[in-house]
Amino acid sequence: MKRTTLSIALLAMLSFTSSIVNAVPTVLSLQVGITDPTIIFGGRPKAPASIPHIEIEGSTILFTTSCDGYSLSLVDETGEEAYSITIPDGCDTLELPSTLIGDYEIRLSNGGSYYFYGFITL
C-alpha cells in the first residue's frame, strides 16, 4: 500500500515538472573559396581573409560577426542555386524559408575575389 501511494505521488510530481529543451546553435565551419582563379590578384594580400563567424539553429542563421551587404546563397546537391538574398545592414539573424529541406552549400560573398562557404542540413 505504501509503495503504491509513493508511486502515485512520484508520478503526480513528475507531471508538474516541465522539461525545458534548449536548442544549441551549431557553429558553421566556413572555408575560403576563390571566385575566379584566372584573375591575377596583383601580388599577395596584406592579410588573410577574415572568415565570418555564423551559427545555425533550425532554419535560423545567426550572424556573430557582421555580414552587412554580403550575398548569401544556398546551393543544392545538383549545383543549382536554391535560395539567395542580400543580407541587410544590421541583420544579426536571418530566417530561411521553411520550404528548404535537405543538404546545401551555404555561400557568403561580398562581391570580391573570394567567398566563404560551408555545408548545412535543413
State whether the side chain of Thr65 and the backbone N or O of His53 hold a donor-acceptor pair below 3.5 Å, judged by distance alone.
-> yes

Do Pro52 and Phe116 touch side chain to side chain, with heavy atoms closer than 4.5 Å?
-> yes

Out of curiosity, Thr121 OG1 to Ile101 CD1, how far, rounded to the nearest 0.5 Å?
-> 12.0 Å

How long is the gap from CG on Asn110 to CG on Leu108, to the nearest 0.5 Å?
-> 9.5 Å

Using the rule that two of Ile, Leu, Val, Met, Phe, Trp, Tyr join whenever any of their side-chain heavy atoms come within less than 4.5 Å, decide whether Ile87 and Ile51 are in one cluster.
-> yes

What distance do Ile85 atom CD1 and Cys91 atom SG have between them, rounded to the nearest 0.5 Å?
-> 7.5 Å

Rounded distance [0.5 Å steps], OG1 in Thr60 versus CD in Glu55 | 12.0 Å

Residues Thr93, Phe63; criterion side chain to side chain contact (heavy atoms under 4.5 Å, CB included); working and verdict | CA-CA 6 Å; Thr93 62; Phe63 299 101; 6.0 Å; no

Does any N or O in the side chain of Thr35 come within less than 3.5 Å of the main-chain N or O of Gly112, such that one atom is a donor and the other an acceptor?
-> yes

Give every residue pair that meets the side-chain hydrogen bond (donor to acceptor under 3.5 Å, both in side chains) criterion with at least one member in residues 78-89, sequence neighbours excluded.
-> Asp76-Thr78

Any side-chain heavy atom of Ile61 within less than 4.5 Å of one from Leu96?
-> yes

What distance separates Leu74 CG from Phe119 CZ, expressed to the nearest 0.5 Å?
-> 12.0 Å

The residue among Val75, Ile56, Ile120 that forms side chain to side chain contact (heavy atoms under 4.5 Å, CB included) with Ile106 is Ile120

Hey, are the side chains of Glu57 and Leu62 touching, using non-hydrogen atoms and a 4.5 Å cut-off?
-> yes

Under the side-chain hydrogen bond (donor to acceptor under 3.5 Å, both in side chains) test, which residues partner Thr26, sequence neighbours left out?
-> none

At their closest point, which heavy atom of Gly90 faces which heavy atom of Asp68, and how far apart are they?
-> N-OD1, 3.0 Å

At what distance, to the nearest 0.5 angstrom, does CG of Asp92 lie from CD1 of Ile54?
-> 13.0 Å

Tyr115 meets the ring-ring contact (aromatic ring centres under 6.0 Å, His included) criterion, sequence neighbours left out, with Tyr117

